[in-house]
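The block underneath contains the structure these notes are about, expressed in structure tokens.
Each ligand, and each atom within it, is numbered from 1 in the order the structure gives.
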Amino acid sequence: EPLIKIRDLMKIYQMGNQEVRALDGVSFDVQENEYIAIMGPSGSGKSTMMNLIGCLDTPTHGTYILNNQDVSELEDAELAEVRNREIGFVFQTFNLLPRTDCLSNVELPLIYSGIKTAERHKRAAKTLERVGLGDRMDHKPNELSGGQRQRVAIARALVNNPSILLADEPTGNLDTQTGKEIMMLFEELYRMGNTILLVTHEDEIADHARRTIRLRDGRIESDTKVENPALEH
Ligand code: ADP
Ligand code: ADP
């Protein structure tokens, strides 16, 4: 069974008496340990699709099966529970708590999961070590560089061992060299077995993935294997 099974997904926004078909019949599967770049022009439906895959919203029509569970028609509370268990989010703007140290930032998803303090510290510390920030745990985000902040955000996304890592323009606020370093970290996470979906406008970023799905006008325009992944050797 695929990790994600999406069939005929449709998202219609009502704008007054106008309908906007943000997604207009999208179908695809994602297997465990795939690394996929989602591309497409502004307004093509990328954010809408990430919101649905990330269980932040439900479709107007169609089905979304995640880990053998139909999540297309869940109520908000159930959806939040699935989201916290299954999804790790990484954003362009990091979205860290600025006045809270790194360890506590990374622990947040574990608090929602009801894990006890000592275990939370241990897991958050281990995850920060994994992203190369073992020596920065008691620093606050504003004492770190952009690349280090994104590593903290990646640690927060990973700490619950989610089924999928969803990254929206994760290098969008970083200089080229730092962006490359973040892409090397994604490569390492992919090789360790993580499933990654990444939204990007940049071909050089998409070239790190193993598959590219291009959206246009709410539909899949192409779904292709990446020929020469940037960091594969
Ligand atoms: P959001 O996630 O906030 O709905 P998007 O993910 O669509 O927005 O875009 C993130 C940022 O990238 C926004 O600031 C948007 O203006 C910009 N952007 C969106 N589409 C394009 C594009 N095709 N080319 C360049 N920048 C874009
Ligand atoms: P992208 O991320 O590729 O820029 P979006 O998923 O943000 O695309 O948007 C797809 C289409 O849906 C666009 O026409 C956009 O204007 C519309 N849209 C997105 N979110 C909303 C919303 N909350 N209400 C109304 N229309 C929306």
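Within the 4.0 Å heavy-atom criterion, neither part of Met49 lies near ligand 2.
The ligand atoms of ligand 2 that sit less than 4.0 angstrom from a heavy atom of Ser42 are 4 (O). Counting the atoms of ligand 2 from 1 in the order shown, those under 4.0 Å from a heavy atom of Ser47 are 1 (P), 2 (O), 6 (O), 7 (O). Near Pro41, meaning under 4.0 Å from any of its heavy atoms, are these atoms of ligand 2: 3 (O). The distance from ligand 2 to the heavy atoms of Ser44 drops below 4.0 Å at these ligand atoms: 1 (P), 3 (O), 8 (O).
Annotation: side chain of Glu34 is not in contact with side chain of Arg210 (no heavy-atom distance under 4.5 Å). Residues Phe94 and Gln148 have side chains not in contact (no heavy-atom distance under 4.5 Å, counting atoms from C-beta outward). Under the 4.5 Å side-chain criterion, counting only non-hydrogen atoms from C-beta, Glu86 is in contact with Ser163. Val159 has its side chain within reach of Leu110: a pair of non-hydrogen atoms, C-beta onward, lies under 4.5 Å apart.
A donor-acceptor pair shorter than 3.5 Å can be found between the side chains of Asn84 and Ser113. A donor-acceptor contact closer than 3.5 angstrom is absent between the side chains of Glu187 and His208.
Taking 4.0 Å as the cut-off, Gly43 counts as a neighbour of ligand 2 on heavy-atom distance.
No N or O atom of Val20 sits closer than 3.5 Å to an N or O atom of ligand 2.
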